[in-house]
Amino acid sequence: MPILIILLFYINDVVRLKRLHSQTEFVAQQMVNILQNISQKREGKDRKITCNDIRYAASLAFLSMFPGTTRFTLTVDKVNTSDFGYNGLGYIFCVKGNSDSTASVLWARRFHFADRAENPSAVSIDQAWLSRSNVKRLTNASPSEIYPTLKINPDEIKIIIECGVHYSQAGSYYFTDGRSAADVSPAEAFGLRLFKLLPDATRAGSNGSIFFLSAVIFTPKPGLFDKTPPKEQN
């Protein structure tokens with residue numbers, strides 16, 4: 001009987017982990033589809049992707065992983081409260097191919113729901129903690145060094161969308177049922193019964209709170225992205 005229970009817990013954890021990785025990969029794919037189409041009815045320079053486009057694309061894409069309003073965070077008196085204790089997070093990297101077969105990351109942005117993201121318009125977009133990614137921000141480097149599966153031609157622009165989950169055990173994060181994330185292990189938060197869970201080491205540097213990163217690389221439609229990062233709309 002003990003062996004059977006352990007086996008059941010093991011199967012539960014393996015299925016759960018595979019599902020979480022599949023979910024973040026699907027979110028990244030969905031976000032690519034949304035960004036490729038969200039501005040197509042706009043004309044000329046207005047077709048370029050803005051920060052608000054990214055906010056709403058992320059909100060729609062993560063809906064498949066966080067039903068209803070569970071992806072949003074209520075922040076009161078510097079305390080961040082969410083239903084699952086964890087939230088969606090991702091990165092956008094713009095890469096250009098060089099004439100000598102190298103490539104350079106032109107800019108990078110992080111988007112996340114972890115702090116004060118009470119609705120789609122409040123999703124954070126910044127340049128913080130970019131080292132918690134598997135994409136390296138390099139210039140004049142081999143494309144595979146920037147990201148292992150990146151292939152790019154001279155003067156070509158490619159976008160890498162990387163999506164994952166943020167779960168921090170810092171004292172400012174709580175579940176809506178009152179539990180502090182500091183008292184709940186990542187394994188418990190993600191519904192694992194047997195496995196211990198730690199954030200994966202990332203290629204770009206340190207990582208203390210990001211899980212299940214998945215990346216999708218795509219060539220953007222004309223006019224969506226260029227060498228300057230997305231801006232806030234006036």
Side-chain angles (χ1 to χ4, degrees), residues 21-62 64 88-112 123-164 200-205 207 210 212-233:
H21 279 289
S22 296
Q23 285 179 313
T24 57
E25 183 177 5
F26 182 72
V27 168
Q29 292 169 346
Q30 288 291 98
M31 194 161 177
V32 169
N33 290 333
I34 295 168
L35 288 175
Q36 289 279 60
N37 294 286
I38 196 170
S39 67
Q40 290 304 298
K41 292 186 178 181
R42 304 201 297 248
E43 299 293 334
K45 294 182 179 179
D46 290 336
R47 187 167 291 180
K48 184 178 177 182
I49 295 298
T50 67
C51 288
N52 269 344
D53 291 332
I54 295 172
R55 290 185 177 101
Y56 281 89
S59 295
L60 286 170
F62 272 105
S64 63
L89 170 143
Y91 307 92
I92 297 181
F93 298 87
C94 180
V95 187
K96 184 176 182 179
N98 300 324
S99 59
D100 58 357
S101 298
T102 65
S104 299
V105 175
L106 301 180
W107 52 262
R109 290 294 183 272
R110 179 183 72 154
F111 54 89
H112 67 91
V123 173
S124 297
I125 296 179
D126 56 34
Q127 299 180 69
W129 294 107
L130 295 175
S131 61
R132 294 174 171 176
S133 166
N134 285 317
V135 182
K136 292 184 178 180
R137 290 172 293 139
L138 302 175
T139 57
N140 303 319
S142 168
S144 62
E145 182 63 19
I146 293 173
Y147 192 78
T149 59
L150 175 63
K151 296 181 180 179
I152 191 167
N153 297 319
D155 294 323
E156 185 180 15
I157 292 286
K158 286 201 173 183
I159 302 296
I160 304 175
I161 299 286
E162 189 177 38
C163 292
D200 293 331
T202 56
R203 296 180 67 251
N207 176 28
I210 311 303
F212 314 119
L213 283 170
S214 297
V216 175
I217 303 171
F218 70 103
T219 300
K221 292 180 179 179
L224 298 188
F225 294 96
D226 58 27
K227 64 181 181 180
T228 60
K231 298 179 179 179
E232 297 288 354
Q233 289 174 303

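Worth knowing before you read on, the calculation uses all heavy atoms, side chains too, and leaves out hydrogens, waters and symmetry mates.
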Stepwise side chain to side chain contact (heavy atoms under 4.5 Å, CB included) check, Leu224 with Leu35: CA-CA 8 Å; Leu224 298 188; Leu35 288 175; 5.8 Å; no
Phe225 and Ile49: CA distance, side-chain angles, deciding distance, side chain to side chain contact (heavy atoms under 4.5 Å, CB included) verdict: CA-CA 6 Å; Phe225 294 96; Ile49 295 298; 3.8 Å; yes
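- With a 4.5 Å cut-off on side-chain heavy atoms, Lys221 and Asn37 count as touching.
- Between Ile125 and Ile54 the shortest side-chain heavy-atom distance falls below 4.5 Å.
- Tyr91 places none of its side-chain heavy atoms less than 4.5 Å from the side chain of Val135.
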Working for salt bridge (Lys or Arg N to Asp or Glu O under 4.0 Å), residues Lys151 and Glu156: CA-CA 10 Å; Lys151 296 181 180 179; Glu156 185 180 15; over 6 Å; no
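- The structure places OG of Ser64 at 12.0 Å from CE of Met31, a figure rounded to the nearest 0.5 Å.
- The backbone N or O of Asp100 sits nowhere less than 3.5 Å from a side-chain atom of Asn98 that would complete a donor-acceptor pair.
- Rounding to the nearest 0.5 Å places CG of Leu213 at 5.5 Å from CG of Asn134.
- A donor and an acceptor atom, one from each side chain of Asn52 and Thr50, are nowhere located under 3.5 Å apart.
- Within 6.0 Å of atom CD in Gln40, more than 12 heavy atoms from other residues, nucleotides or ligands are found, so the atom counts as buried in its surroundings.
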Verdict with reasoning, Ser59 to Phe111, per side chain to side chain contact (heavy atoms under 4.5 Å, CB included): CA-CA 10 Å; Ser59 295; Phe111 54 89; over 6 Å; no
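- Proximity of a side-chain donor or acceptor of Thr202 to a complementary backbone N or O of Ser131 within less than 3.5 Å is detected.
- Heavy-atom minimum distance, Ala28 versus Cys163: CA-SG, 3.8 Å.
- At least one side-chain heavy atom of Pro220 sits less than 4.5 Å from a side-chain heavy atom of Gln36.
- Across Ala204 and Lys136, no two heavy atoms sit closer than the pair CA-CG, 4.2 Å.
- Expressed to the nearest 0.5 Å, how far CD1 of Ile160 lies from CD1 of Ile92 amounts to 11.5 Å.
- Leu106 has its side chain within reach of Ile157: a pair of non-hydrogen atoms, C-beta onward, lies under 4.5 Å apart.
- When the options Val123, Val27, Thr24 are evaluated for a side chain to side chain contact (heavy atoms under 4.5 Å, CB included) with Phe62, the one that passes is Val27.
- The line from SG of Cys94 to CG of Asp226 is 7.5 Å long, rounded to the nearest 0.5 Å.
- Remark: the backbone N or O of Arg47 is paired with a side-chain donor or acceptor of Ser39 at under 3.5 angstrom.
- Listed for the Trp129 side chain is no donor-acceptor partner under 3.5 Å among the backbone atoms of Asn207.
- Rounding to the nearest 0.5 Å places CD1 of Ile152 at 7.5 Å from CD1 of Ile146.
- With respect to Arg132 and Glu162, no salt bridge is recorded, no charged nitrogen being found less than 4.0 Å from a carboxylate O.
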Steps toward side chain to side chain contact (heavy atoms under 4.5 Å, CB included) verdict (Gln127, Arg110): CA-CA 6 Å; Gln127 299 180 69; Arg110 179 183 72 154; over 6 Å; no
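- Taking all atoms of both residues into account, the shortest heavy-atom contact from Arg203 to Ser144 is NH2-O, 3.7 Å.
- How far NZ of Lys96 is from NZ of Lys227: 7.5 Å, rounded to the nearest 0.5 Å.
- No side-chain heavy atom of Lys158 sits under 4.5 Å from any side-chain heavy atom of Pro143.
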